[in-house]
Amino acid sequence: ERGSKSSKDLAEAVVYLVADRVTARAGTALDNAVVNMTGREFVPHVQIVRAGGSVAYPNKDPFSHNVFSNTALGAFDLGLYRSGASRAAVFARPGLYAIYCNIHARMVNFVLAVNTPYVARVNKHGAFQLSGVPAGTYRLHVWHKRAAESVQSVSVLPNGLVGLKVTL
């Protein structure tokens, strides 16, 4: 929640539920994601992928880019490639990966690799919905690039969990 104003910036927040017995299975929409490089920007700025999934980085700019990450979770360098080409990176471990372009220093992308099927982007009003969550106790993670990640325990009842407010 960010006061009472809506903000495009809020739409870069991600929420997800983690439980010891629940993991994201291969073969879902989270397996393969795309981040376009256009206008010297990564679009979307924040991407979600299943831990073990891949993100393709197609170059839609009229010049070359070099996509890399130096994270301890799994550093990679896709090398320099021209307009029209695409290369992909695998995000094997759960966690946050900061991605950069070696040619354009202001280009930054965040990939959040999750090991849960219960993940959602927050909309510009700060609202989100996680569907199909079975009753149980979970750790609710809320991530935004300008705040420390918030983690709190929540109990989902058989009829769901409605009206939860989280402040970063």
Side-chain angles (χ1 to χ4, degrees), residues 2 6-18 22-132 139-151 166 168:
R2 182 178 174 186
S6 65
S7 169
K8 179 184 174 198
D9 188 48
L10 281 176
E12 294 179 346
V14 176
V15 297
Y16 58 103
L17 292 174
V18 175
V22 177
T23 59
R25 293 187 314 253
T28 69
L30 293 175
D31 282 355
N32 300 296
V34 176
V35 173
N36 293 300
M37 294 180 291
T38 182
R40 289 188 180 100
E41 291 184 11
F42 289 110
V43 180
H45 182 61
V46 176
Q47 186 57 279
I48 305 163
V49 68
R50 179 186 59 81
S54 68
V55 176
Y57 288 89
N59 183 353
K60 298 190 174 191
D61 275 330
F63 37 78
S64 296
H65 287 292
N66 183 340
V67 178
F68 76 97
S69 179
N70 55 12
T71 180
L73 292 172
F76 64 86
D77 188 335
L78 299 182
L80 185 66
Y81 56 103
R82 298 187 180 280
S83 178
S86 181
R87 296 186 183 167
V90 173
F91 295 84
R93 295 171 51 195
L96 181 68
Y97 296 75
I99 315 299
Y100 306 97
C101 175
N102 208 11
I103 308 300
H104 305 98
R106 70 175 183 86
M107 287 179 66
V108 179
N109 169 237
F110 297 98
V111 172
L112 186 58
V114 297
N115 199 18
T116 177
Y118 310 119
V119 59
R121 293 178 188 274
V122 174
N123 71 22
K124 69 179 184 176
H125 302 290
F128 63 91
Q129 181 175 346
L130 297 167
S131 300
R139 290 177 307 281
L140 174 69
H141 293 251
V142 181
W143 177 87
H144 191 278
K145 68 181 180 184
R146 292 188 298 107
E149 182 174 24
S150 170
V151 180
V166 177
L168 289 175

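Since the structure is predicted, the reported quantities are computational estimates derived from the model, not experimental observations. Heavy-atom basis, side chains included; hydrogens, waters and symmetry copies ignored.
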S.K.: Rounded to the nearest 0.5 Å, how far does CZ of Arg40 lie from CE of Met107?
M.R.: 9.5 Å

S.K.: Do Arg121 and Ile48 make a side-chain contact, defined as non-hydrogen atoms from C-beta onward lying under 4.5 Å apart?
M.R.: yes

S.K.: Looking at Thr71 and Leu96, what are the two nearest heavy atoms and their distance?
M.R.: OG1-O, 4.1 Å

S.K.: Hey, could you give me the CH2/CZ distance between Trp143 and Arg146, rounded to the nearest 0.5 Å?
M.R.: 10.5 Å

S.K.: Using modelled atom types and a 3.5 Å cut-off, is there a donor and acceptor pairing between side-chain atoms of Thr116 and backbone atoms of Leu17?
M.R.: yes

S.K.: When rounded to the nearest 0.5 angstrom, what distance separates CZ in Phe63 from CD1 in Ile103?
M.R.: 10.5 Å

S.K.: Between CG of Asn59 and OG of Ser86, what distance do you get to the nearest 0.5 Å?
M.R.: 9.0 Å

S.K.: Can you tell me if Lys60 has over 12 outside heavy atoms packed within less than 6.0 Å of its NZ?
M.R.: no

S.K.: Donor-acceptor check, side chain of His104 to backbone of Arg106, threshold 3.5 angstrom: yes or no?
M.R.: no

S.K.: Which pair of non-hydrogen atoms, one from Leu73 and one from Arg93, has the smallest distance, and what is that distance?
M.R.: O-CD, 3.5 Å

S.K.: Is the shortest side-chain heavy-atom distance between Val55 and Tyr97 below 4.5 Å?
M.R.: no

S.K.: Locate the shortest heavy-atom distance separating Leu78 from Ala88; write the atom from each residue and the value.
M.R.: CD2-O, 3.4 Å

S.K.: Could you go step by step and tell me if Asn36 and Phe42 meet the side chain to side chain contact (heavy atoms under 4.5 Å, CB included) rule?
M.R.: CA-CA 6 Å; Asn36 293 300; Phe42 289 110; over 6 Å; no

S.K.: Sub-3.5 Å donor-acceptor pair from the side chain of His45 to the main-chain atoms of Phe110, do we have one?
M.R.: no

S.K.: Is there a side-chain contact between Leu112 and Tyr16, using heavy atoms and a 4.5 Å cut-off?
M.R.: yes

S.K.: Keeping Gln47 on the side-chain end and Val34 on the backbone end, is there a donor-acceptor pair under 3.5 Å?
M.R.: yes

S.K.: For Pro44, is there any backbone N or O sitting under 3.5 Å from a side-chain donor or acceptor partner on Asn109?
M.R.: yes

S.K.: Measuring centre to centre across the rings, with the benzene-like ring taken for any Trp, is Phe76 within less than 6.0 Å of Phe91?
M.R.: yes

S.K.: Got a donor-acceptor contact below 3.5 angstrom from the Ser83 side chain to the Asp61 backbone?
M.R.: yes

S.K.: Between atom CZ of Arg50 and atom CG of Leu30, what is the distance when rounded to the nearest 0.5 Å?
M.R.: 8.0 Å

S.K.: Heavy atoms only: give me the nearest Ala98-Ser69 pair and the separation to one decimal.
M.R.: O-OG, 2.8 Å

S.K.: Is the number of heavy atoms from other residues, nucleotides or ligands under 6.0 Å of Arg82 CZ greater than 12?
M.R.: no

S.K.: Could you state the interatomic distance from CG (Leu80) to CZ (Phe68), rounded to the nearest 0.5 Å?
M.R.: 12.5 Å

S.K.: Between Met37 and Tyr81, is any pair of side-chain heavy atoms under 4.5 Å apart?
M.R.: yes

